[in-house]
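Worksheet: the structure to be examined is printed underneath.
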There are 4 protein chains.
Amino acid sequence: MTFAAELDPADAARSARAERRSAQLLEAAARLMERDGSHAVSMQSVAAEAGVSVGLIYRYFGSKDDLLLAVIIGVLDSFATRVPAAVEAAGDDPVHRLAAGFRAYCEVIDERRHAAVLTYRETKSLDEAGRARIKELEVQTSEPLRAALRAGVEAGVFDVPDLELAAYDLLLLAHAWALKHWYFERTLSLDTYAQRQLALVLKGILEPKHRRRYADLLTN
Amino acid sequence: MTFAAELDPADAARSARAERRSAQLLEAAARLMERDGSHAVSMQSVAAEAGVSVGLIYRYFGSKDDLLLAVIIGVLDSFATRVPAAVEAAGDDPVHRLAAGFRAYCEVIDERRHAAVLTYRETKSLDEAGRARIKELEVQTSEPLRAALRAGVEAGVFDVPDLELAAYDLLLLAHAWALKHWYFERTLSLDTYAQRQLALVLKGILEPKHRRRYADLLTN
Amino acid sequence: MTFAAELDPADAARSARAERRSAQLLEAAARLMERDGSHAVSMQSVAAEAGVSVGLIYRYFGSKDDLLLAVIIGVLDSFATRVPAAVEAAGDDPVHRLAAGFRAYCEVIDERRHAAVLTYRETKSLDEAGRARIKELEVQTSEPLRAALRAGVEAGVFDVPDLELAAYDLLLLAHAWALKHWYFERTLSLDTYAQRQLALVLKGILEPKHRRRYADLLTN
Amino acid sequence: MTFAAELDPADAARSARAERRSAQLLEAAARLMERDGSHAVSMQSVAAEAGVSVGLIYRYFGSKDDLLLAVIIGVLDSFATRVPAAVEAAGDDPVHRLAAGFRAYCEVIDERRHAAVLTYRETKSLDEAGRARIKELEVQTSEPLRAALRAGVEAGVFDVPDLELAAYDLLLLAHAWALKHWYFERTLSLDTYAQRQLALVLKGILEPKHRRRYADLLTN
DNA sequence: CATGAATGAGTTTTCATTCAT
DNA sequence: AATGAATGAAAACTCATTCAT
């Protein structure tokens with residue numbers, strides 16, 4: 001019954017259309033907000049950028065805050081899908097999994113550098129519910145790294161006194177590529193950045209006896 | 001002429017008065033902006049908070065952006081004075097100097113947690129000149145850490161392939177206490193936070209042969 | 001041709017359908033406008049209340065003003081049918097006819113209290129033609145009362161120097177049950193209200209020699 | 001001390017200026033709202049009518065609703081001052097006091113006919129607090145009439161079973177000159193209107209034995 | 001006949017900035 | 001030096017109306 005309803009061609013077309021619209025608006029809003037900051041972006045300008053009328057935005061997002069929240073969540077979602085995939089693709093070795101996860105994180109950050117900064121800049125504009133949502137998503141995002149660390153500890157490869165902290169540090173160092181890009185870009189490429197940060201952290205947590213095994217990850 | 005003017009007691013009184021006024025306004029603005037974000041703070045509300053008229057603010061700061069810039073610079077300045085002092089007080093040992101610097105940084109951040117976040121949130125609102133100024137100050141702020149690292153390397157205690165990176169990482173981890181306070185406060189006190197972060201970084205950069213000597217800094 | 005067309009069963013069905021639709025929309029609009037005032041009611045909310053689409057409303061009413069006019073006329077029409085009926089049912093005595101008419105008017109007002117107020121509140125929003133229509137209907141509505149007064153004067157029971165005025169006063173006092181309901185409801189029921197108002201007016205217009213005959217109408 | 005403060009010339013000048021501004025804005029708003037209805041009047045148009053900027057209105061009235069409330073209260077206040085004065089000026093005779101009060105009420109209504117209608121039309125737009133305020137003021141306004149009736153009853157001149165009702169009826173009949181002006185103006189002048197309404201009501205409440213004494217009030 | 005997505009002019013409100021006092 | 005009344009541009013948001021389907 002529900003199934004039939006969902007197959008109703010009119011409804012399906014409508015919802016597909018809605019999906020497309022929503023994505024189109026989100027994309028336009030993200031583009032502008034990343035560039036200028038949400039406060040400097042008017043609903044008029046979002047409408048213009050998307051090539052629609054102001055009123056239409058309010059059909060899809062109840063308010064400017066809703067729109068901002070949706071933009072930020074969109075960014076975090078894109079993080080949440082790519083990092084785990086990279087970790088899985090890296091095989092069973094916890095060290096390699098951690099390395100792959102961190103690298104993937106850095107890559108995603110690099111691709112949406114401005115969007116990543118948005119999270120830091122604009123969260124204050126959200127209401128408590130929105131902020132809570134963002135925080136929750138961010139913690140989720142770091143889970144693959146935490147899992148790899150945990151696996152490493154259990155396998156006796158890592159010595160990590162505070163798992164939560166170490167995982168969050170990795171996340172932070174990935175974010176830093178966006179946050180302090182103006183500083184790092186002077187001397188580092190993304191690859192070098194990821195490589196060196198990883199080496200630094202690994203030296204801090206690898207059991208000494210395994211250092212040789214992962215020597216290639218520890219050099220710059 | 002200028003010299004005479006500066007010694008003129010009337011002028012001196014005037015400039016002292018101006019200094020006090022400026023500080024009073026800055027303090028009021030900082031309080032509000034840290035709490036609500038600069039966009040949510042009106043010049044009239046700053047005036048009210050400081051107990052003066054709107055017009056007066058414009059005697060001391062040319063525009064709202066000027067005021068914001070001054071607030072942020074004020075924050076960074078307070079960082080810039082305390083960290084070097086702590087480093088000096090720590091003696092000659094580069095490791096202890098680094099540790100002292102990082103700890104001091106964390107403490108200052110903790111004292112002005114919201115102000116620290118301000119830097120991340122509001123810099124976008126500034127014009128290019130303002131942003132450049134902020135960046136410059138931030139780099140300066142990290143200089144004591146960089147110096148300690150350099151000294152350690154020269155003394156053969158540290159193995160730091162990328163000095164700039166390591167120094168900035170320490171600065172970042174100090175900032176993180178403010179940026180991700182909602183996360184870390186669940187499990188860590190400021191002292192533990194600083195201690196563990198320091199341990200992690202030191203393990204990553206200490207020459208293995210010196211590990212034992214600084215064992216107390218490496219434990220949690 | 002027209003005649004044939006009206007007998008065409010398809011046309012008949014269509015117009016019956018249209019009638020029902022129209023009534024359905026009118027009812028929904030009335031409900032909302034009485035409660036919130038026409039300005040606070042959007043066409044989309046009327047559509048939602050009626051369970052149809054916005055577009056459909058425009059098939060039946062050319063504009064929001066048209067809809068409002070139709071709502072008000074609907075209210076006045078319902079007044080215009082019930083009062084004469086009550087008067088007729090009251091027999092031949094002019095005093096009883098007047099009493100019955102006034103009571104009926106009060107009852108109708110009571111049943112659609114908010115609708116009655118609508119007339120006072122919203123007429124200004126109409127164009128001149130609409131307002132003229134409303135006024136005309138209101139005057140019509142008072143006609144049964146005026147007729148009863150006239151008959152009473154001719155029969156020598158009433159002494160009414162200004163018939164128009166007295167008739168309109170009765171209409172106003174009936175309206176007042178709606179307009180000042182917040183005041184009268186504290187101390188009066190509808191029945192008592194109608195009874196006392198009638199007594200007051202009758203004492204003002206009954207020839208003294210007939211007072212005794214209608215004593216029951218003059219007491220409270 | 002307080003006295004001295006109130007005599008401070010700067011403060012006095014300021015508050016006088018504010019008073020004038022407030023009156024100016026109120027007047028402009030009243031003019032437009034009476035003519036077009038509050039919903040049809042934009043803050044822009046009020047500003048233009050008053051010859052000031054939009055922003056200034058918000059210095060004196062927090063919102064459009066505040067402004068509307070102030071306009072209505074202004075109208076009711078002008079009623080509340082003139083009617084009691086007229087009653088007092090009429091001497092001791094309760095009948096003459098009542099007559100004077102009613103006439104004064106009608107005159108005030110006549111002078112601000114559109115404003116009087118405003119009360120009926122726009123009260124719905126107010127919040128509950130505003131509506132309560134209006135109702136309270138209206139009841140106050142009718143108090144002089146109620147008092148005269150009461151005095152008449154005590155003096156044995158009036159026979160009024162329901163004092164509240166009769167007083168409110170008089171108030172209503174005065175309002176009716178504004179509400180149904182389009183109808184009454186065809187046949188009546190204000191004087192005749194007041195005279196006839198008064199005659200009608202007096203015939204309804206005067207003890208028969210006093211009819212002759214006030215014969216001039218009972219004729220048209 | 002019926003839908004509802006889309007429009008965009010119009011509304012209320014805020015606030016950085018100015019300037020006469 | 002200090003005030004705060006006044007400005008007016010710009011923002012978020014609404015909703016009557018249209019029209020392709």
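Naming: A, B, ... by sequence-line order, numbering from 1 per chain.
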Residue [X], side-chain heavy atoms: nucleotide from [options] that is nearest:
X: R17(C); options: dA5(F), dA16(E), dA2(E); answer: dA2(E)
X: Y60(D); options: dT12(E), dA11(F), dA6(F); answer: dA6(F)
X: V54(D); options: dA2(F), dG8(E), dA9(F); answer: dA9(F)
X: Y58(C); options: dA6(E), dA2(F), dT18(F); answer: dT18(F)
X: S53(C); options: dT17(F), dT3(E), dG8(E); answer: dT3(E)
X: S42(D); options: dA16(E), dT11(E), dA6(E); answer: dT11(E)

Would you find a donor on one side and an acceptor on the other, under 3.5 Å apart, between the side chain of S22(A) and the backbone of A18(A)?
->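 Such a contact is absent between S22(A) side chain and A18(A) backbone.
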Respond yes when some side-chain nitrogen or oxygen of R59(A) is under 4.0 Å from OP1 or OP2 of dT7(E), and no when none is.
->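 No, no such contact exists.
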Now, which nucleotide makes the Watson-Crick or G-U wobble pair with dA1(F), with each of the two distances under 3.5 Å?
->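 Paired with dA1(F), as far as the under-3.5 Å criterion goes, is no nucleotide at all.
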Look at all strands and tell whether V41(C) reaches a base, only sugar-phosphate, or nothing, counting heavy atoms closer than 4.0 Å.
->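 If one applies the 4.0 Å heavy-atom cut-off, V41(C) turns out to touch the sugar-phosphate alone, with no base involved.
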Could you pull out the closest heavy-atom pair between K64(A) and M43(A), with the gap in Å?
->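 Answer, listing the atom of K64(A) first, then M43(A): CG-SD, 3.6 Å.
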Just how far, in rounded Å, is C1' of dT3(E) from CE of M43(C)?
->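 Roughly 15 Å, once rounded to whole Å.
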